[in-house]
Amino acid sequence: RGVALLREAEEVSAAALATLLSNSALCLLRLKWPDRAKKAASQAIAVVRQAQDEAFDQSKLFYRRALACEGLREFDLAADDMARALQQAKRVESPLAEQHRLKNEVTRLKKLKASAEEQAERKRREKENERGAEAQRMRGAELEQKQSKAAPGVSPPSGD
């Protein structure tokens, strides 16, 4: 409905379109559609950038895109966007309580990012160890086959 109303207008301000897209991103986040929310927030940021509107407070745009990235488990992007939201809040001199909340969010997302990287590294090492163990099992099986072919009458020692 909002887009239809904006289309009817002769000239649409970048702020109006960015606000509409920002509110859309919030709705999409609440519906648990982070991919669409990220797209809407990114479009809003692009509109503001394209209009070169320095007065527009972009902190909500970056905040909502950060939440969308978190929902998509893109923690590095989420932490970056949350830091940008904090920078924007400082630039427009948002209340200190808001800046403090954003700072806490930046810290939380950095911890999530570090935890995700740690987990990915752990999985990589486990896969590497599994490949090594599999290669060792294959070499052991090949050795057993060679031994059984070399001495057909002699069976390998049993574990008794």
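No donor-acceptor distance shorter than 3.5 angstrom exists from the side chain of Ser24 to the backbone of Leu20, with no hydrogens or angles considered. With hydrogens and angles disregarded, no donor-acceptor distance shorter than 3.5 Å links the side chain of Gln58 to the backbone of Ala85.
Considering only heavy atoms from C-beta on, Asp81 stays 4.5 Å or farther from Tyr63 through its side chain. In this structure the side chain of Phe62 never reaches within 4.5 angstrom of the side chain of Leu86, judged on heavy atoms. The side-chain heavy atoms of Lys111 and Thr107, taken from C-beta on, include a pair separated by under 4.5 Å. Side-chain contact between Arg64 and Lys60: present, with at least one pair of heavy atoms (C-beta onward) separated by less than 4.5 Å.
The structure places CG of Leu21 at 13.0 Å from CG of Leu26, a figure rounded to the nearest 0.5 Å. Between Leu109 atom CG and Glu74 atom CD the span is 12.5 Å, to the nearest 0.5 Å. Interatomic distance, OG of Ser59 versus CZ of Arg84, reported as 14.0 Å (0.5 Å rounding). To the nearest 0.5 Å, the span separating CG on Leu17 from OG on Ser22 amounts to 11.0 Å.
Remark: Glu70 does not engage Lys113 in a salt bridge, criterion side-chain N to carboxylate O under 4.0 Å. A salt bridge links Glu105 with Arg108; the closest basic N to acidic carboxylate O contact falls under 4.0 Å. A salt bridge links Glu134 to Arg137: at least one charged side-chain nitrogen sits closer than 4.0 Å to a carboxylate oxygen. Checked for salt-bridge contact, Arg124 and Glu121 meet the test: a charged N lies under 4.0 Å from a carboxylate O.
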Can you give me every donor-acceptor pair (side chain of residues 41-52, partner residue at least two apart or in another chain, under 3.5 Å) with its distance?
{"unit_1": "Ser42", "atom_1": "OG", "unit_2": "Lys38", "atom_2": "O", "d": "2.9"}
{"unit_1": "Ser42", "atom_1": "OG", "unit_2": "Arg65", "atom_2": "NH1", "d": "3.2"}

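Under a hydrophobic-cluster definition in which Ile, Leu, Val, Met, Phe, Trp and Tyr are linked whenever side-chain heavy atoms come within less than 4.5 Å, directly or via other members, Leu67 and Leu112 are assigned to the same cluster.
The two atoms that bring Ala40 and Leu28 nearest to each other are CB-CD1, 4.3 Å, heavy atoms only. For Asp57 against Ser94, the heavy-atom pair with the smallest separation is OD2-OG, 4.4 Å.
Residues forming a side chain to side chain donor-acceptor pair (under 3.5 Å) with Glu98 (at least two apart in sequence, or on another chain): Arg101.
Within a 6.0 Å sphere centred on CD of Gln136, heavy atoms belonging to other residues, nucleotides or ligands number 12 at most.
With 3.5 Å as the limit, one finds a donor-acceptor pair spanning the side chains of Gln88 and Arg91.
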Test log, rule salt bridge (Lys or Arg N to Asp or Glu O under 4.0 Å), inputs Glu118 and Arg122:
CA-CA 6 Å; Glu118 206 174 275; Arg122 199 175 315 123; 3.5 Å; yes
